[in-house]
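Take a look at the structure below.
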2 protein chains.
Amino acid sequence: MADIDSESGRSTPRKRADARRNEATLLDAAASAFVASGVDAPVRDIAARAGVGVGTIYRHFPTRADLIVAVYRHQVEACAEAGPTLLADSSTPHAALAQWINLFVDFLVTKHGLAEALQSDNAAFETLHAYFLDRLVPACAQLLDAAAAAGEIRPDVTAFELLRGVGNLCIGAGEPRYDARRMVEILVAGLRQHPQGTGPR
Amino acid sequence: MADIDSESGRSTPRKRADARRNEATLLDAAASAFVASGVDAPVRDIAARAGVGVGTIYRHFPTRADLIVAVYRHQVEACAEAGPTLLADSSTPHAALAQWINLFVDFLVTKHGLAEALQSDNAAFETLHAYFLDRLVPACAQLLDAAAAAGEIRPDVTAFELLRGVGNLCIGAGEPRYDARRMVEILVAGLRQHPQGTGPR
DNA sequence: TGGCAAACGGAACGCTGTTCCGTATCGTTC
DNA sequence: GAACGATACGGAACAGCGTTCCGTTTGCCA
């Protein structure tokens with residue numbers, strides 16, 4: 001853990017030049033392999049694209065999850081950080097929540113196989129799981145809590161559950177007769193609590 | 001008449017006794033392997049449980065989907081046939097739809113890995129896909145159409161889409177913090193169209 | 001320039017699904 | 001009941017995957 005250099009680099013003696021070069025090359029290769037074959041692209045393919053041996057991949061990214069996280073880190077961060085902004089700018093918390101979920105869905109839907117990987121119980125994806133939850137659950141929870149506090153949605157759904165449900169609905173997006181976005185829209189609509197009798201005070 | 005063979009058996013010259021015995025043994029073995037390791041249980045495991053060679057499995061069930069369909073056929077049929085009954089017995093079409101979906105979810109949730117397999121784009125599962133859709137889409141469509149005709153739900157969702165969405169939400173059921181049944185409940189709630197001029201928006 | 005730690009490459013291993021063919025068994029016919 | 005052809009069986013063999021491991025190369029610093 002915490003051995004990401006290029007930043008503080010305090011006690012870490014800085015990696016060798018070829019190692020840093022290879023890491024960058026691998027990220028590019030992985031990104032293009034993911035686009036071409038999904039996030040399950042064979043390790044050998046990625047290695048070949050990068051012009052390195054498979055051992056080099058495992059040295060830099062011990063599990064596939066590490067590689068996926070590294071490739072998509074920026075986008076996940078952006079999604080997480082969009083939460084507070086949306087909450088501040090939207091007319092209602094529920095609108096902010098819906099917009100934020102749209103961001104998340106747009107991200108997932110364009111990454112072939114990522115939604116599947118996110119729900120996989122394969123041990124290789126544990127880190128992926130952990131990272132996504134770590135970054136996105138708090139963001140989602142903030143929006144969810146705000147909407148619940150405003151009485152707009154039923155209060156018994158956790159951010160974890162909602163993210164997982166949305167992620168699940170994104171599996172198979174891109175197939176002809178299945179519109180993941182609409183399904184998520186319906187799920188979010190189902191969250192609403194219609195004020196009748198016991199309304200927000 | 002006097003059709004000893006349980007199959008249609010018209011031009012088919014009836015299989016050898018050992019073949020029929022092995023097929024039954026394999027179904028049992030597969031069923032128990034599926035319970036123990038999910039529907040992805042290794043072919044060799046199933047063969048070992050049945051006490052046969054792997055070749056025998058492939059002769060009887062050319063693809064994994066064929067085996068899965070054979071194991072769960074009865075339950076899928078029961079689910080499909082429950083549709084009209086529920087529609088006749090329930091107070092509203094939407095109630096019938098909700099109950100029917102509950103049946104489907106109960107079925108899926110208790111089959112380790114089945115929901116995942118159903119959404120897999122792996123060619124080996126194409127038959128599985130086809131069978132489930134063939135049996136369940138019409139049943140679902142009947143309920144969906146009735147509810148739509150009654151104005152209870154939004155009319156722009158297809159049975160295919162709904163089934164797929166529900167199936168997706170069942171992925172990962174059984175994990176500690178994710179309640180697939182509740183997510184499906186929310187999705188079904190989101191289907192409702194509230195008769196008061198301005199729907200949820 | 002010498003030396004060594006870091007990094008590399010890819011052969012090798014284990015676990016999958018899948019195919020293939022020599023062998024065994026069944027059912028029929030004489 | 002013996003013989004024979006068709007059917008079915010078993011498991012070795014192959015291919016594709018992830019993962020490990022170690023002999024070799026390379027960058028860095030003294």
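Naming convention: chains lettered A, B, ... in sequence-line order (proteins, then strands); numbering from 1 in each chain.
- Comparing atom distances between the Val54(A) side chain and each of dG27(D), dA8(D), dA11(C) picks out dA11(C) as nearest.
- The side-chain tip of Arg164(B) does not point at the ring of Phe132(B) from less than 6.0 angstrom away and within 45° of straight on.
- Summarising the geometry, the separation between CG on Asp45(B) and P on dG11(D) is reported as 15 Å, rounded to the nearest angstrom.
- Candidate nucleotides dT19(D), dG27(C), dA7(C) were compared by shortest atom distance to the side chain of Ala17(B), and dG27(C) ranks first.
- Atom OG1 of Thr158(B) sits about 7.0 Å away from atom CZ of Arg182(A), to the nearest 0.5 Å.
- Nucleotide dC9(D) holds its C1' atom 15 Å from the CD atom of Glu23(B), rounded to whole Å.
- Nucleotide dA7(C) holds its P atom 12 Å from the CZ atom of Arg14(A), rounded to whole Å.
- Between the P atom of dC26(C) and the CZ atom of Arg21(B) lies a distance of 7 Å, rounded to the nearest Å.
- Here the C1' atom of nucleotide dA12(D) and the CD1 atom of Ile57(B) are 16 Å apart, to the nearest Å.
- Contact between the side-chain N/O atoms of Thr56(B) and the OP1/OP2 oxygens of dG10(D) is found at a separation under 4.0 Å.
- At whole-Å resolution of the value, CD1 in Ile46(A) and P in dG9(C) are 15 Å apart.
- Under the 30°/60° scheme for interplanar angles, the aromatic rings of Tyr72(A) and Phe107(A) are found to stand perpendicular.
- Among the nucleotides dT19(C), dG27(D), dT19(D), the one closest to the side chain of Val43(A) is dT19(D).
- Considering only side-chain N and O atoms, Asn22(B) lies nowhere under 4.0 angstrom from the phosphate OP1 or OP2 of dA8(D).
- As rounded to whole Å, 18 Å separates atom P of dT26(D) from atom CZ of Arg20(A).
- Under 4.0 angstrom from either OP1 or OP2 of dA7(C) there lies no side-chain N or O belonging to His60(A).
- The listed nucleotides are dC26(C), dG10(D), dT19(D); the one nearest the side chain of Arg59(B) is dG10(D).
- Both tests pass for Arg73(A) against the ring of Tyr131(A): distance under 6.0 Å to the centre and angle within 45° of the axis.
- Interface remark: the Arg16(A) side chain does form a donor-acceptor pair with the dA6(C) base, using a distance-only criterion of under 3.5 Å.
- For the pair Arg181(B) and Asp179(B), the salt-bridge criterion is not met [side-chain N within less than 4.0 Å of a carboxylate O].
- Checked against dC9(D), dT19(D), dT19(C), the side chain of Arg44(A) finds its nearest nucleotide in dT19(D).
- One interatomic measurement links the two molecules: CG of Asn122(A) to P of dT16(C), which rounds to 13 Å at whole-angstrom precision.
- The side chain of Tyr58(A) approaches dG18(D) more closely than any other nucleotide in the set dG27(D), dG17(C), dG18(D).
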